[in-house]
Q: 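Attaching a single structure in structure tokens format; questions to follow.
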Amino acid sequence: MTFSIVGRSPDGLSLGVAVASKFLGVGAAVPAVEVEVGALATQSFANLAYRVQGLAMLRTGTAAADTIAGLTAADSGRATRQLGVVGREGPGATFTGDECFPWAGGVAGDGYAIQGNILTGADVVLDMESAWLADPGAPLARRLHAALAAGDRAGGDSRGRQSAALIVVRRGAGYGGLSDVEVDLRVDDDPDPVTRLGTLMDLWDLYFRRPDPETLLPLVGALADEVSRRLTSLGFADLGGWAGVENLEERLVEDAIDPLVLAHLRAATPDTAGS
């Protein structure tokens, strides 16, 4: 009773799942992902055992389609199941059992699988596919959310809206570089969960996205003086102390400042003299 997309970045290093449903806390049930292994979505009377078993198969290098074949062959309830799988390489694969509630179906291609059931129509998955293919250079989390939002605009779950989730993994891309979970966001109960998930993505970009080295501003001369004045006016001796309080520590770079951090600092001290 859900629509989802499982995807891989063009370089093969990021894997993720985005999902939405008229179901409480869909992110707790549907997605499973493991860095440099694969990702899957289990839905429509979801068989949660697929998550562990599927990743175990992908870990051995089993192709996405073969993973689906193995999982469903051993499942007496496969006629009610829906499943999407992407491995570390090759095409994704999707499965829709004959007894899934209509409209139900999916599409798959190189590095992605899209599926849904109890949808308003086939346009949901087709629009998701178009959105996914439209911007292959975008960060994976943004591509996944764009596809999910396209499905939501097309009608999504015919029963309504309740929850959405997005998870992306990439080696060393998590907080402080000490985790492989780059993005893990959930909206468990909301009248417009996909839109709310997009708002959370914007906040994630601000707080956790690593700055683009090409945009960094050297902390020298007048800019260094301005930053020092603003920090002093807020009661901080250095940029690190203030950034930690504001949860911007992932954007700190030695001897330079991220323009987004500078904008945040300026907004916090709009009346600083001499700026």
Side-chain angles (χ1 to χ4, degrees), residues 7 9-16 18 27 33 35-36 134-149 164-188 190 192-275:
S9 61
D11 64 8
L13 299 179
S14 294
L15 294 154
V33 60
V35 67
E36 296 175 0
D135 191 5
L140 181 59
R142 284 296 182 183
R143 289 186 76 191
L144 292 172
H145 184 262
L148 200 68
L166 189 152
I167 183 168
V168 171
V169 298
R170 186 180 183 96
R171 182 71 67 192
Y175 182 80
L178 302 176
S179 163
D180 300 327
V181 180
E182 182 177 14
V183 182
D184 187 2
L185 299 172
R186 285 174 44 175
V187 178
D188 285 345
D190 191 277
D192 192 5
V194 176
T195 299
R196 178 60 180 154
L197 191 65
T199 301
L200 294 178
M201 275 297 308
D202 291 341
L203 291 173
W204 184 91
D205 277 339
L206 172 63
Y207 292 122
F208 303 120
R209 177 80 64 192
R210 309 282 169 75
D212 180 353
E214 297 298 320
T215 67
L216 294 175
L217 304 171
L219 269 178
V220 295
L223 180 58
D225 292 341
E226 177 194 345
V227 168
S228 179
R229 272 196 314 273
R230 290 181 182 276
L231 290 171
T232 299
S233 74
L234 293 170
F236 291 91
D238 56 56
L239 188 58
W242 171 80
V245 170
E246 295 296 315
N247 297 318
L248 292 167
E249 61 271 16
E250 285 289 271
R251 288 189 167 274
L252 290 183
V253 179
E254 189 174 359
D255 298 326
I257 188 168
D258 182 347
L260 287 177
V261 174
L262 179 60
H264 201 75
L265 177 61
R266 286 172 171 169
T269 55
D271 298 322
T272 298
S275 60

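None of the values given here were measured: they were computed from a predicted structure.
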Q: Atom CD1 of I257 and atom OG1 of T215: how far apart are they, to the nearest 0.5 Å?
A: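 Atom-to-atom, I257:CD1 and T215:OG1 are 11.0 Å apart.
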Q: What closest approach, in Å, do L148 and A164 show between heavy atoms, and which atom pair accounts for it?
A: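 So the minimum-distance heavy-atom pair works out to CD2-CB, 4.4 Å.
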Q: Would you check if V261 and W242 make a side-chain contact, meaning some heavy-atom pair closer than 4.5 Å?
A: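 The answer is yes, as the side chains (C-beta and beyond) meet within the 4.5 Å cut-off.
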Q: At their closest point, which heavy atom of P136 faces which heavy atom of P10, and how far apart are they?
A: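 Result for this residue pair: O-CG, 3.4 Å.
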Q: Within a strict 4.5 Å, meaning less than it, do heavy atoms of the L217 and P259 side chains meet?
A: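 Side chain of L217 against side chain of P259, heavy atoms only: contact under 4.5 Å found.
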Q: Check for a donor-acceptor pair, side chain of W204 on one end and backbone N or O of E182 on the other, with a separation under 3.5 Å.
A: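 Answer holds: yes.
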Q: Please work out whether the ring planes of Y175 and F208 are parallel, tilted or perpendicular, with thresholds of 30° and 60°.
A: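 The rings of Y175 and F208 stand perpendicular, inter-plane angle above 60°.
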Q: Using atom types as modelled and distance alone, determine if a side-chain donor or acceptor of T232 lies under 3.5 Å from a backbone N or O of S228.
A: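 Yes: the side chain of T232 pairs with the backbone of S228.
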Q: Report yes if the side chains of L248 and D258 come closer than 4.5 Å at any heavy-atom pair, otherwise no.
A: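 Of all side-chain heavy-atom pairs linking D258 with L248, none is under 4.5 Å.
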Q: Would you say the side chain of D255 lies within less than 4.5 Å of the side chain of L219, judging by non-hydrogen atoms?
A: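 Side chain of L219 against side chain of D255, heavy atoms only: no contact under 4.5 Å found.
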Q: Could you work out, with side-chain contact (heavy atoms from CB on, under 4.5 Å) as the rule, every residue matching R210, not counting sequence neighbours?
A: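 Once residues adjacent in sequence are excluded, the partners of R210 under the side-chain contact (heavy atoms from CB on, under 4.5 Å) criterion are E250.
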Q: Please report the closest heavy-atom contact between L15 and E36, naming both atoms and the distance.
A: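 Result for this residue pair: CD1-N, 3.8 Å.
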Q: Kindly give the heavy-atom pair with the smallest separation between A256 and L216, and that separation in Å.
A: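 In terms of heavy atoms, the two residues are closest at CB-CB, 4.2 Å.
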Q: For R142 versus G198, what's the shortest heavy-atom pair and its separation?
A: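 Here R142 and G198 meet closest at NH1-O, 4.4 Å.
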Q: Quick one: pull up CG in L166 and CG in L200 and give me the separation to the nearest 0.5 Å.
A: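 It comes to 10.0 Å.
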Q: Any salt bridge linking R251 with D205? Criterion: basic side-chain nitrogen under 4.0 Å from a carboxylate oxygen.
A: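 Judged by the 4.0 Å cut-off on N to carboxylate O distance, R251 and D205 do not form a salt bridge.
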Q: Could you measure the distance from the CG atom of L13 to the CZ atom of R171? Nearest 0.5 Å is fine.
A: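 If we round to the nearest 0.5 Å, L13:CG and R171:CZ are 10.0 Å apart.
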Q: Could you go step by step and tell me if L185 and L203 meet the side-chain contact (heavy atoms from CB on, under 4.5 Å) rule?
A: CA-CA 11 Å; L185 299 172; L203 291 173; over 6 Å; no
Q: Using every non-hydrogen atom in the two residues, find where L231 and D238 come nearest and quote the distance to one decimal.
A: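 In terms of heavy atoms, the two residues are closest at CD1-C, 3.6 Å.
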Q: Mark yes or no for whether T269, through its side chain, and L265, through its backbone, hold a donor-acceptor pair below 3.5 Å.
A: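 Yes; judged by distance alone, with no hydrogens or angles, the pair exists.
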Q: Could you work out, with side-chain hydrogen bond (donor to acceptor under 3.5 Å, both in side chains) as the rule, every residue matching D225, not counting sequence neighbours?
A: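 Checked D225 against side-chain hydrogen bond (donor to acceptor under 3.5 Å, both in side chains); zero matches.
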Q: Any salt bridge linking R170 with D11? Criterion: basic side-chain nitrogen under 4.0 Å from a carboxylate oxygen.
A: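 Yes, this pair counts.
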Q: Is the closest side-chain heavy-atom distance between V245 and L234 below 4.5 Å?
A: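 V245 vs L234: side chains apart.
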